[in-house]
Amino acid sequence: MNVIARSANISPYLKSTVTVVSNGVRSVTPTNKVQRPAIVVITPVTPMVNETLQQNIISGVVRVSSSISAPTQIHQTRGAHSDIKVPDFTAYRRDEVKDPNVDSRESAASRKSFSYVLTAATGLAGVYTAKTMVYDLVMTMSAGADVLAMSKIEVKLDEIPEGKNVAFKWRGKPVFIRHRTQAEINKEAAVDVSSLRHPEHDSDRTQKPEWLIVIGVCTHLGCIPIANAGEFGGYYCPCHGSHYDASGRIRKGPAPLNLEIPEYNFEGNVVTIG
């Protein structure tokens, strides 16, 4: 036991002896001390509630500096936003609501009336502007004065002898003006209307019995019929064999309708078509 106790007291010397005793190899003594890593203490996590958000929110000027030898540093100047001026809209407010001691609800009715009147006036101005623009557009796209002048033609009836048919051009279409004899008038008036394909009385197709005015276009395929021809002495379309009488009514052939009657009126001995 004494030997064991004594050996325990000299154990440090034995360790150093192992290092000092030469064993044929030169020992190397470290010149620099080994730096131990610093102990990192993890900070507790702070819950992000409303109060902590207001404290941690970035406000003011933030400067960030970083280099190779030093860690990144963030410098913040808090309260730098306190010099921002609050905008003043007093110049744009109405006089009724500038006084803080006066209840603005008392003038609400008059202010609403002004807003309604201004809105209505703006709407009326917009509608009038749109109407003017549409009118100008329609007038621009409509026919010119030279075309409108040709929309009506005047014919002197003295130049058309009795029993003759004269053709005129109106709006790109031929117009037949027929000076009928009394015999033709009596013949067409005696026709049984119920036997016609397109029933029309002769008196319904003329303003004056002696004058028949029709558009010279066949109602079948748009051909131009020949006057004073056909089985009924009126008009005949040689293209497909449509026969019209002296009242311009279809009597035979493929045409489904009578010859069209344009708008016209008499002014003395002159007829105006269109």
Side-chain angles (χ1 to χ4, degrees), residues 134-135 137-274:
V134 172
Y135 178 79
L137 178 62
V138 171
M139 292 301 295
T140 302
M141 300 177 62
S142 62
D146 54 342
V147 178
L148 294 176
M150 295 298 296
S151 63
K152 294 183 179 182
I153 59 173
E154 294 181 352
V155 179
K156 293 182 179 181
L157 300 178
D158 294 340
E159 301 177 356
I160 304 175
E162 187 177 6
K164 297 295 181 178
N165 184 89
V166 180
F168 297 91
K169 186 177 182 180
W170 173 70
R171 295 182 181 178
K173 300 178 181 179
V175 175
F176 295 155
I177 299 179
R178 186 186 188 97
H179 192 176
R180 299 192 300 179
T181 62
Q182 188 62 39
E184 290 176 337
I185 296 173
N186 296 335
K187 179 182 177 181
E188 302 304 332
V191 174
D192 184 10
V193 179
S194 60
S195 63
L196 300 177
R197 182 180 303 171
H198 184 190
E200 279 186 328
H201 291 281
D202 180 69
S203 59
D204 296 335
R205 295 178 56 82
T206 58
Q207 296 183 15
K208 293 183 178 181
E210 65 272 21
W211 296 104
L212 174 68
I213 302 175
V214 295
I215 296 178
V217 177
C218 181
T219 58
H220 179 220
L221 293 177
C223 304
I224 299 176
I226 301 173
N228 297 325
E231 298 181 7
F232 299 90
Y235 303 93
Y236 172 67
C237 181
C239 299
H240 303 91
S242 297
H243 298 261
Y244 300 88
D245 57 17
S247 185
R249 298 173 294 189
I250 182 65
R251 303 293 293 273
K252 184 180 179 180
L257 302 173
N258 302 333
L259 294 179
E260 184 181 355
I261 300 176
E263 296 182 2
Y264 65 92
N265 54 30
F266 293 97
E267 296 179 1
N269 203 28
V270 176
V271 60
T272 302
I273 301 175

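In this structure, Ile224 places its CD1 atom where only 12 or fewer heavy-atom neighbours from other residues, nucleotides or ligands lie under 6.0 Å away.
Among residues at least two apart or in separate chains, there is no salt bridge (charged side-chain N to carboxylate O under 4.0 Å, His left out) pair with a member in residues 256-270. Annotation: side-chain hydrogen bond (donor to acceptor under 3.5 Å, both in side chains) contacts involving residues 203-215, sequence neighbours excluded, comprise Glu200-Arg205.
Ile273 places a side-chain heavy atom less than 4.5 Å from the side chain of Ile177. Side-chain contact between Phe168 and Ile213 is absent, with no heavy atoms from C-beta onward closer than 4.5 Å. Two residues are said to be in side-chain contact when any heavy atoms from C-beta on lie closer than 4.5 Å; Tyr264 and Val175 fail this criterion. Considering only heavy atoms from C-beta on, Val191 comes within 4.5 Å of Arg251 through its side chain. Pro256 places none of its side-chain heavy atoms less than 4.5 Å from the side chain of Ile250.
Of the possible polar contacts, none joining the Arg178 side chain to the Val214 backbone as a donor-acceptor pair under 3.5 Å is found. Of the possible donor and acceptor atoms, one in the side chain of Arg249 sits under 3.5 Å from a partner among the backbone N and O of Glu188.
One side chain, Ser194 or Asp192, offers a donor N or O that lies under 3.5 Å from an acceptor on the other.
In this view, Tyr235 and Phe176 satisfy the ring-ring contact (aromatic ring centres under 6.0 Å, His included) rule, not counting sequence neighbours. Residues forming a side chain to side chain donor-acceptor pair (under 3.5 Å) with Ser195 (at least two apart in sequence, or on another chain): none. Legend: residues meeting side chain to side chain contact (heavy atoms under 4.5 Å, CB included) with Ala229, ordered by chain and number and at least two apart, are Ile226, Tyr236. With sequence neighbours left out, the ring-ring contact (aromatic ring centres under 6.0 Å, His included) criterion links His198 to no other residue.
Across every non-hydrogen atom of Asn165 and Ala227, the tightest pair is ND2-CB, 3.5 Å. A pairwise comparison of heavy atoms in Gly241 and His243 identifies O-CD2, 3.4 Å as the closest pair. The heavy-atom pair separating Glu162 from Gln182 by the smallest distance is OE2-N, 4.0 Å. Minimum heavy-atom separation, Cys239 to Cys223: SG-SG, 3.2 Å. The minimum heavy-atom distance linking Pro262 with Trp170 is given by the pair CB-CZ3, 3.9 Å. Counting all heavy atoms, side chain and backbone alike, Ser247 lies closest to Asp202 at OG-OD1, 2.7 Å.
Note that CG of Leu257 and NE2 of His220 are 11.5 Å apart. Values are rounded to the nearest 0.5 Å. Between the SG atom in Cys237 and the OH atom in Tyr244 there is a gap of 6.5 Å [rounded to 0.5 Å]. The structure places NE2 of His179 at 10.0 Å from CD of Glu184, a figure rounded to the nearest 0.5 Å.
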